*Asks:* 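Just passing along the structure, written as structure tokens.
Excluded from the calculations below are hydrogen atoms, water molecules and symmetry mates; all remaining heavy atoms, backbone and side chain alike, are included. Keep in mind the model is a prediction, meaning the values are calculated, not measured.
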Amino acid sequence: MSRSLAAASASRAFFATVVPAQSVRKRIQPLKVSSDSARKYIARAHTSRTSASVSGRNAESRSHFFCAASTFPSSSSAAIPSALPASASPIHHTVRSSTHLQPWIPRRHARSVHRPDRLRRHTGRTVMERGPHRRRSIARLLEGAVVGEQVVVTGWVKTSRFSKNVSFVHVFDGSTDKTVQVVLDEALALAYKAELGVGAAVRVQGEWAASPGGEQSVEIKAHEVQIVGASDPSTYPLQKKRTTLEHLRTIAHLRSRTNLHQAVVRARDAISWHIHRYFHEHGFRWIHTPIITGSDAEGAGELFEVRAGDKPEGFFGKRTFLTVSGQLEVECFAQSHTDVYTFGPTFRAENSNTARHAAEFWMIEPEMAFADLDDVIALAEDFVRTVTQRVMADLPGDFELFDKRCPECGAYRPKEACKECGFDGPGVVASLQAALAEPFARVTFHEAVAILQQVDRAWEYPVGPHESLQAEHERYLAEEHFGRPVFITNYPREQKAFYMRVDEGGETVSATDLLVPRIGEMIGGSQREERLDMLLEQMERHQVEQEELWWYLDLRRWGSTPHGGFGLGLERMVLWMTGVQNIRDVLPFPRTPGHAEF
RNA sequence: GGGUCUGUAGCUCAGUGGCAGAGCGGGUGGCUGUUAACCACCGUCAGGCGUGGGUUCGAGUCCCACCUGGCCCGCCA
């Protein structure tokens, strides 16, 4: 045990947390109080039908204790004071308001943030029990805990096995794909067996120890167990065994506790974080474009209307909608800050019923001034490549899980061929590595059409210079012909949006779609039309109202530059990287036609 | 929006016009440094087969309508 921990036990301070049962969100921060006061808090919380817990360290036995009123039998309030150790005497009496509880971390110790024990030794401040330093996550324990050290782990029971002499409980906390194995002796197992079912929230204190088991190298020999939140396995909707993703969608509030969703949530977070990191490393500013927009003229799809009150002109004095894209707005900032991007929620009211569409999704839209289509394509490729590699490097355990799933049907397939669908191609990790092994392909729309016309295959939809590429064509190009991501460029003018720059000759526009295997279109981008006269002509052709977009036209009046960017659907990148088939499984609470539960 | 498949126990599913089933999960006991453990026992731990009509002596099964969910396509990111 470190010296700082020993010093803490000498102070004999106690920490009482009073949590009003009616409103868990308005949690009162831990108060550092004397043992007498702690008793009072516990007793008062108990009689007022709230819950409270007291934790601290017994000065003589040096053992942790932790008790909560909510876990006591409601009939025996007498049990509460006796749960505190007799040796607890008032030494320290500090009560702070919740606004002062943010630990002050000196700059020179910033690197120690992930080692709260060390931080406390340097600063002498009791930051360990507060906020993010109140305990170490399982990820941190696996990184830095020393065998023999006393540790605390909090989390939820994934599985438990009991026998006469020794019992095992696996606890997860979401910080890593790993669980930590808690070993219980006979007495602890006997005391808690009934309550340590799947799903229970627990707090375990014990010794970090080497594990003789084959599947893990370390474990916790429990000294104390606290059932923080009980869970009845006979009614708990999640089971120890597999359930289908379709069923889990009906319990989206609980599915983030399952293996796959735990991993997907971490992957989604890592992708988002690395997207921000990538752009900031390259000098892009994050622009918060509006969610509520007054323009319904962008032509990017059906809109959700925003209303408040019953005034005929509405809250804003005009009709307003949820944004379908921040692109037009972020273009303004490209013309002032050069390299910018948006990253936020986006809404489309289309009646799309596919595995790749949602009514609410997150979109990333970089925009560069003084840039042409080649710049956009170079950015898109470097961006996808960098983010993908970094995310895979960050989450090796999670990608091991993704790789075990069949890319075709999602069944787990430890061996080569999938038992469900017979697929025996590479897993998602190998296919991602293959996709990144070479530079992405690049062809013009007309070259792509020529490729498709030369294939001896009966297409369901016609192929031609004036037909649009359908999903079957896009999949063929990315999966079979090129076998890696491919940029299609210079689409026919009439197929693309009004703001895309018209090419020489006037037949095509400087647009590009990035098609990736299994997903299809992941990115859509273009060089924008910077010439006022041509933009006006385009709006005329596409029947876009000029009056609504007067400000967008203004950008072309003063200091217009060649510029461009792309839009990336975050969820499509998550699907691509994780191998999950359905967008409804990578959004925390997916919104699709007919579904806004939770 | 179009097409298609589907709906039986908490979950995953089987069920040939004739008595509603299995595995998993759950419970109980045992055993084991276990690994989605293992062994034994429990159906009074569970459903009347999505809902509503119809055919039939008899419908989970056949027909019709509606609802639900999945998948494919379109729209796109």
Side-chain angles (χ1 to χ4, degrees), chain A residues 158-170 178-185 189 193-194 197-199 209-216 219 221 232-251 258-259 298-302 324-327 345-365 408-412 420-421 460-461 468-475 495-497 513-516 519-525 566-576 581-585 592-595:
Chain A
K158 172 145 277 174
T159 143
S160 49
R161 293 177 290 279
F162 294 91
S163 64
K164 199 158 76 179
N165 303 319
V166 62
S167 298
F168 305 95
V169 177
H170 285 240
K178 308 285 190 300
T179 57
V180 68
Q181 172 164 283
V182 174
V183 184
L184 306 176
D185 62 20
K193 181 177 179 180
V198 181
S211 175
E215 308 250 328
Q216 67 281 317
E219 61 190 17
K221 286 196 194 308
D232 179 358
S234 68
T235 56
Y236 187 51
L238 297 173
Q239 300 181 168
K240 267 201 228 180
K241 302 284 178 176
R242 272 195 71 203
T243 46
T244 61
L245 292 176
E246 290 80 5
H247 175 66
L248 290 174
R249 284 174 207 152
T250 67
I251 46 170
T258 65
N259 285 344
E298 295 169 22
E302 299 292 313
V324 293
S325 163
Q327 183 206 310
T346 309
F347 308 87
R348 305 263 166 102
E350 274 134 21
N351 190 12
S352 299
N353 291 295
T354 80
R356 288 172 194 79
H357 290 84
E360 177 181 317
F361 62 100
W362 284 61
M363 191 152 67
I364 297 97
E365 295 172 288
E408 283 296 313
C409 66
Y412 286 90
E420 294 292 321
C421 66
E460 190 184 341
Y461 289 87
S468 6
L469 294 180
Q470 303 296 323
E472 55 173 341
H473 310 136
E474 295 184 345
R475 288 196 65 154
Q495 287 184 16
K496 290 291 181 180
D513 285 357
L514 177 64
L515 311 181
V516 300
I519 304 299
E521 181 182 348
M522 190 160 84
I523 282 177
F566 63 80
L568 165 80
L570 174 68
E571 287 76 14
R572 294 207 176 160
M573 192 165 191
V574 178
L575 291 175
W576 185 55
Q581 275 81 18
N582 199 305
I583 199 168
R584 287 170 266 241
D585 300 321
T592 52
H595 295 279

*Asks:* Give the nucleotide from the list A77(B), A37(B), C73(B) with an atom nearest to the side chain of T159(A).
*Replies:* A37(B)
*Asks:* Got a second to check how far K240(A)'s NZ is from H170(A)'s NE2, nearest 0.5 Å?
*Replies:* 10.0 Å
*Asks:* Give, for atom NZ of K221(A) and atom CD of E219(A), the distance between the pair rounded to the nearest 0.5 Å.
*Replies:* 5.0 Å
*Asks:* Could you tell me whether the phosphate oxygens of U68(B), OP1 or OP2, come under 4.0 Å of any side-chain nitrogen or oxygen in R249(A)?
*Replies:* no
*Asks:* Heavy atoms from C-beta onward define the side chain here; which of C73(B), U35(B), G33(B) lies closest to that of H170(A)?
*Replies:* U35(B)
*Asks:* Quick one: pull up CD1 in I251(A) and OH in Y236(A) and give me the separation to the nearest 0.5 Å.
*Replies:* 8.0 Å
*Asks:* So which nucleotide from A77(B), A36(B), G33(B) ends up closest to the side chain of K240(A)?
*Replies:* A36(B)
*Asks:* From C71(B), C75(B), G33(B), pick the nucleotide closest to the side chain of N582(A)?
*Replies:* C71(B)
*Asks:* Side chain of R572(A) only, please: which of G33(B), A77(B), C75(B) is the nearest?
*Replies:* A77(B)
*Asks:* Drop me the distance from I364(A)'s CD1 to M573(A)'s CE, to the nearest 0.5 angstrom.
*Replies:* 8.0 Å
*Asks:* Passes side-chain contact (heavy atoms from CB on, under 4.5 Å), D513(A) versus L469(A)? Steps please.
*Replies:* CA-CA 11 Å; D513(A) 285 357; L469(A) 294 180; over 6 Å; no
*Asks:* NA contact type, F347(A), heavy-atom cut-off 4.0 Å: base, sugar-phosphate, or nothing?
*Replies:* nothing
*Asks:* Taking the minimum atom-to-atom distance to the side chain of E215(A), which one of G74(B), C76(B), U35(B) wins?
*Replies:* U35(B)
*Asks:* Any idea which of C72(B), A37(B), A36(B) is nearest the A355(A) side chain?
*Replies:* C72(B)
*Asks:* Without decimals, in angstroms, what is the distance between K164(A) NZ and C31(B) P?
*Replies:* 4 Å
*Asks:* Would you mind classifying the nucleic acid contact of M522(A) as base, sugar-phosphate or nothing, using non-hydrogen atoms under 4.0 angstrom?
*Replies:* sugar-phosphate
*Asks:* Any N or O donor-acceptor pair under 3.5 Å from the base of C76(B) to the side chain of S352(A)?
*Replies:* no
*Asks:* Is G52(B) in the syn range, within 90° of 0, or in the anti range?
*Replies:* anti
*Asks:* Enter the distance from K193(A):NZ to L184(A):CG here, rounded to the nearest 0.5 Å.
*Replies:* 11.5 Å
*Asks:* Just how far, in rounded Å, is P of A77(B) from CZ of R348(A)?
*Replies:* 5 Å
*Asks:* Describe the nucleic acid contact of G520(A) in one word from base, sugar-phosphate, nothing, applying a heavy-atom distance below 4.0 Å.
*Replies:* nothing
*Asks:* I need the NZ-C1' distance between K158(A) and U35(B), as an integer number of Å.
*Replies:* 13 Å
*Asks:* Nearest whole Å is fine: how far is C76(B) P from L469(A) CG?
*Replies:* 12 Å
*Asks:* Which is more 5' along RNA chain B, the nucleotide nearest K193(A) or the one nearest F168(A)? Just name the residue.
*Replies:* K193(A)
*Asks:* Of A358(A) and S211(A), whose nearest nucleotide on RNA chain B comes first from the 5' end?
*Replies:* S211(A)
*Asks:* Can you tell which of G33(B), G69(B), C75(B) lies closest to the side chain of K221(A)?
*Replies:* G33(B)
*Asks:* Give every pair of a protein N or O atom and an N or O atom of nucleotides 8-12 of chain B that lie under 3.5 Å apart, one pair per line with the distance.
*Replies:*
unit_1	atom_1	unit_2	atom_2	d
G10(B)	N2	Q239(A)	OE1	2.4
G10(B)	N2	Q239(A)	NE2	3.4
G10(B)	N3	Q239(A)	OE1	3.1
U12(B)	OP1	T244(A)	OG1	2.9

*Asks:* Starting at atom CZ of R161(A), determine the distance to atom P of G29(B), rounded to an integer number of angstrom.
*Replies:* 19 Å
*Asks:* Rounding to a whole Å, what distance do you find between K496(A):NZ and A77(B):C1'?
*Replies:* 11 Å
*Asks:* Which is it for H357(A) and I583(A) under the side-chain contact (heavy atoms from CB on, under 4.5 Å) test, yes or no, and what are the steps along the way?
*Replies:* CA-CA 7 Å; H357(A) 290 84; I583(A) 199 168; 5.8 Å; no
*Asks:* Would you say the base of G33(B) and the side-chain of E219(A) have a donor-acceptor pair closer than 3.5 Å?
*Replies:* yes
*Asks:* Who does A40(B) pair with, Watson-Crick or G-U, both distances under 3.5 Å?
*Replies:* U28(B)
*Asks:* Measure from the side chain of Y461(A), starting at C-beta and using heavy atoms only, and say which of C71(B), C73(B), G33(B) lies closest.
*Replies:* C73(B)
*Asks:* Between G69(B), A77(B), G26(B), which one does the side chain of I583(A) approach most closely?
*Replies:* A77(B)
*Asks:* Once hydrogens and angles are ignored, does a donor-acceptor distance under 3.5 Å link the base of U34(B) to the side chain of Q181(A)?
*Replies:* yes
